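Working notes, beginning with the structure itself.
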2 protein chains.
Amino acid sequence: MAPPQTGSARVRIAVPSVAERVAEELRYQLAEGMLLPGARLTEATIAEDLGVSRNTVREAFAELASERLVVRQPNRGVFVATLEAGDIHDLYTVRRAIEVSSIRGGGSAERVAAVRAAVDEGKRAAAADDNDALGSANQHFHGAIVALAESKRLDTIMRHVLAEMRLYFHKATSDAHFYSAWLEENEAICAALEAGELERAGELLLGYLNRSEEQQLTVHGE
Amino acid sequence: MAPPQTGSARVRIAVPSVAERVAEELRYQLAEGMLLPGARLTEATIAEDLGVSRNTVREAFAELASERLVVRQPNRGVFVATLEAGDIHDLYTVRRAIEVSSIRGGGSAERVAAVRAAVDEGKRAAAADDNDALGSANQHFHGAIVALAESKRLDTIMRHVLAEMRLYFHKATSDAHFYSAWLEENEAICAALEAGELERAGELLLGYLNRSEEQQLTVHGE
DNA sequence: GATCGAAGAATCGTTGAACAATTCGACAAT
DNA sequence: ATTGTCGAATTGTTCAACGATTCTTCGATC
C-alpha cells in the first residue's frame, strides 16, 4: 500500500485548463512577435478566434498581466506591454540581483553541468550559423545560472523576466557579432563556475549584464 | 489641448475594479490570519459573502494564485497556500538575492532616509511594547532596503514575498527577544548603509537573513 | 476652418444562469 | 478491507444580458 499521503510529490495529471491554454497560446504569439508591443487585444476578437468564451479570455489576460506581458487599462482594454522609460534598466536590475546571487551560491554538479550544456548549445548554434538557436541558447544559459539556486520562485521570476525581454527584443538583436561576444563571455563565466571561483564568476556575469544593458539602451531609444 | 499623449505619467483615477477589491479583501484576511493555510476557499461562498459574482471571485483568485497566496487544484478548488518542504529556504533565497543586491547598490539620500525611518519606527514600536507594530516596522525596513534599487519589479517581488511570509508567520514570531535582536541588527545595517560601507552592509544583511532563516526553520517543522 | 459638444457605436466590467465534468462522501456488495 | 456505485457538491466554461466608459462620427457654433 502507498503511504496515506506522501505529501508533496502529488503528481497531478491535470490537463491544463482552457484558460491556461489560451494564455499559453498568447504567450507564444507574444514571444514570436506576432503581437507587437502596443497592440490591442480585444476580448471578443480573441475569444472568437480561439473558440472560447470571453470570460475565459479574461482569465488568461489576468495571468499575462501578472507577468507584465500585457497591460490592462480599465475600461479600455488590454494592450501588449510597451517599453516605458526605465524598463530596460529595471529588467537588468532584476537580472543582476537574481543571476549574480545565484551564481555566487554555486550549485550541484548537475546544475553546473546544465550551465556547461547551455554554453555548448550556444557554440553549436554559432557553428551552424543559426541566430534563433543562438538566442535560445543564451536564454538557456542564463536560465541555467538561476537554476543553480534551486529555487522555484527565482526560476519563475527569471522565466517572467526572460519572457518580457523576448517580447521587447525579439528581432532587435539579430546582430551577428553581438552573439560572438556573448559566447566567449559565457565560456569564461562557466569556466570560473566550474573551477569554483564563484566570486570571479559573479563579477564576470555582472560585467556582462552591465554591458548588455548598455547595448540595449543604445539600441532602443535610450 | 493637452499634449497628445504625455506617455508614461498617465495618472489613472481608476476606481479599483470589483475583482481587485475582492482580491484586496482576501489579501487582508490572509495577512490577518483569518484564513489559515490549507483552508478551502469556495467560490460560491465567497461570492455570496462579498456580494459579488462567482466570475469576479474567480478573477480575484487568479490574482492571488499568481502571488502564491492561494493554490489552485484543478476541479477541486482553491486553498490557502501551505508551507511545503523547502518553501522557507526558497523564500529566503529570494530575499537574499534581492535585498543584498539592493543594499550593495546603495541608493539616493531619500531612499536611505526611508531605511533610517523604518529603523526608528521599529525603535518606537519596541519602546511602546507594540509587537504588531514591531513586525510591521521590520517589514518596512526590508521593503525600504529593496526600494533603494528603485525598481518597480523588485518592489513588487518583495511585496509578494513579504505577503507570503505574513501568511505563514503571522503569529508564530510573537517572541519578544526575537525582535530586540532585530533592532540592533537593523541599526547596524542602516549605519553601514549611511556610512557608504555598502559591502559591509550587504554582509550584515546577509548574515541577518541566514540567521532569520534558521530561526524560522527551527520554529516551523524543520 | 477649427473647436466644441452631443448622439451613436464599440468595448469593457460585472452579473446571473446554465450545464457538463470532476471530485467527494456515503453506502452497499464482494 | 477493497471495490463499486450513486448522489451531492463544486468547479470549469459558456452564454446572454446590461450599465458604464471610451472612442468615433458628425454637425453646430464661433
Side-chain angles (χ1 to χ4, degrees), chain A residues 1-7 9-26 35 38-66 69-82, chain B residues 1-27 35 38-66 69-82:
Chain A
M1 188 209 321
Q5 283 285 23
T6 165
R10 183 85 176 273
V11 179
R12 284 234 158 263
I13 0 179
V15 174
S17 76
V18 176
E20 276 184 74
R21 272 175 294 167
V22 170
E24 195 52 49
E25 170 65 20
L26 291 175
L35 296 172
R40 177 178 199 161
L41 301 181
T42 305
E43 293 181 358
T45 308
I46 294 184
E48 196 172 5
D49 286 1
L50 301 183
V52 299
S53 144
R54 198 154 72 88
N55 270 327
T56 302
V57 173
R58 219 143 208 295
E59 275 197 47
F61 280 171
E63 194 166 329
L64 297 178
S66 85
L69 296 179
V70 304
V71 172
R72 259 197 155 121
Q73 297 193 3
N75 281 311
R76 292 189 23 114
V78 317
F79 300 80
V80 179
T82 62
Chain B
M1 193 206 321
Q5 283 285 26
T6 164
S8 54
R10 184 85 176 272
V11 180
R12 286 236 155 260
I13 358 178
V15 174
S17 75
V18 176
E20 276 184 75
R21 272 176 294 166
V22 171
E24 193 54 47
E25 170 65 20
L26 291 176
R27 254 190 293 263
L35 295 172
R40 178 177 197 162
L41 302 181
T42 305
E43 294 181 358
T45 308
I46 294 185
E48 195 173 6
D49 285 0
L50 300 182
V52 301
S53 147
R54 197 156 72 89
N55 270 325
T56 302
V57 173
R58 218 143 208 293
E59 275 197 47
F61 280 171
E63 195 165 329
L64 297 179
S66 85
L69 296 179
V70 303
V71 172
R72 260 198 154 121
Q73 297 193 4
N75 280 311
R76 294 192 20 129
V78 315
F79 300 80
V80 179
T82 60

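If you're wondering where the values come from, they're calculated on a predicted model, not measured in any experiment. Convention: sequence-line order gives letters A, B, ...; per-chain numbering from 1. All values below were derived from every heavy atom in this structure, side-chain atoms included, with hydrogens, water molecules and symmetry-related copies excluded.
Summarising the geometry, the separation between CD on B:E59 and P on C:dG13 is reported as 8 Å, rounded to the nearest angstrom. Counting to the nearest Å, the P atom of D:dG12 and the CD atom of A:E63 are 13 Å from each other. Between B:R58 atom CZ and D:dG12 atom P there is a gap of 4 Å when expressed in whole angstrom units. Between the CZ atom of B:R72 and the P atom of D:dT13 there is a distance of 9 Å, given to the nearest Å. Going from atom CZ of A:R40 over to atom C1' of D:dT22 covers 9 Å, rounded to whole Å. In this structure, B:N75 atom CG and D:dT10 atom P are separated by 14 Å, rounded to whole Å. Here C:dT15 presents its C1' atom at 15 Å from CG of B:L50, a figure rounded to the nearest Å. One atom, CD of A:E48, and another, P of C:dT11, lie 11 Å apart when rounded to the nearest Å.
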For DNA chain D, the dot-bracket pattern of Watson-Crick and G-U pairs whose distances stay under 3.5 Å, | for other-strand partners:
||||||||||||||||||||||||||||||
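The two residues B:A23 and B:A60 have their closest heavy-atom pair at N-CB, 3.7 Å. Pairing each heavy atom of A:G38 with each of A:T82, the nearest pair is N-CG2, 3.3 Å. When all heavy atoms of B:R72 and B:V78 are compared, the pair lying nearest together is CG-CG1, 3.5 Å.
No salt bridge links B:E24 with B:R21; every basic N to acidic carboxylate O contact stays at or beyond 4.0 Å.
In terms of modelled atom types and a separation under 3.5 Å, the side chain of A:T42 and the main chain of A:A44 share no donor-acceptor contact.
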Could you pull out the protein-nucleic contacts involving nucleotides 16-20 of chain C (nitrogen or oxygen on both sides, under 3.5 Å)?
unit_1	atom_1	unit_2	atom_2	d
C:dG16	O6	B:N55	ND2	2.9
C:dA18	N6	B:R54	NH2	3.1

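Rounded to the nearest 0.5 angstrom, B:F61 CZ and A:E59 CD are separated by 11.0 Å. For the atom pair CG (A:L26) and CG (A:L41), the distance works out to 6.5 Å, reported to the nearest 0.5 Å. Rounded to the nearest 0.5 Å, atoms CG (A:L35) and CD1 (A:I46) are 7.0 Å apart.
Distances shorter than 4.0 Å separate some side-chain N or O of B:T56 from OP1 or OP2 on C:dT15.
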side-chain contact (heavy atoms from CB on, under 4.5 Å) for B:E63 and B:E20? Distances and angles first, verdict last.
CA-CA 8 Å; B:E63 195 165 329; B:E20 276 184 75; 4.2 Å; yes
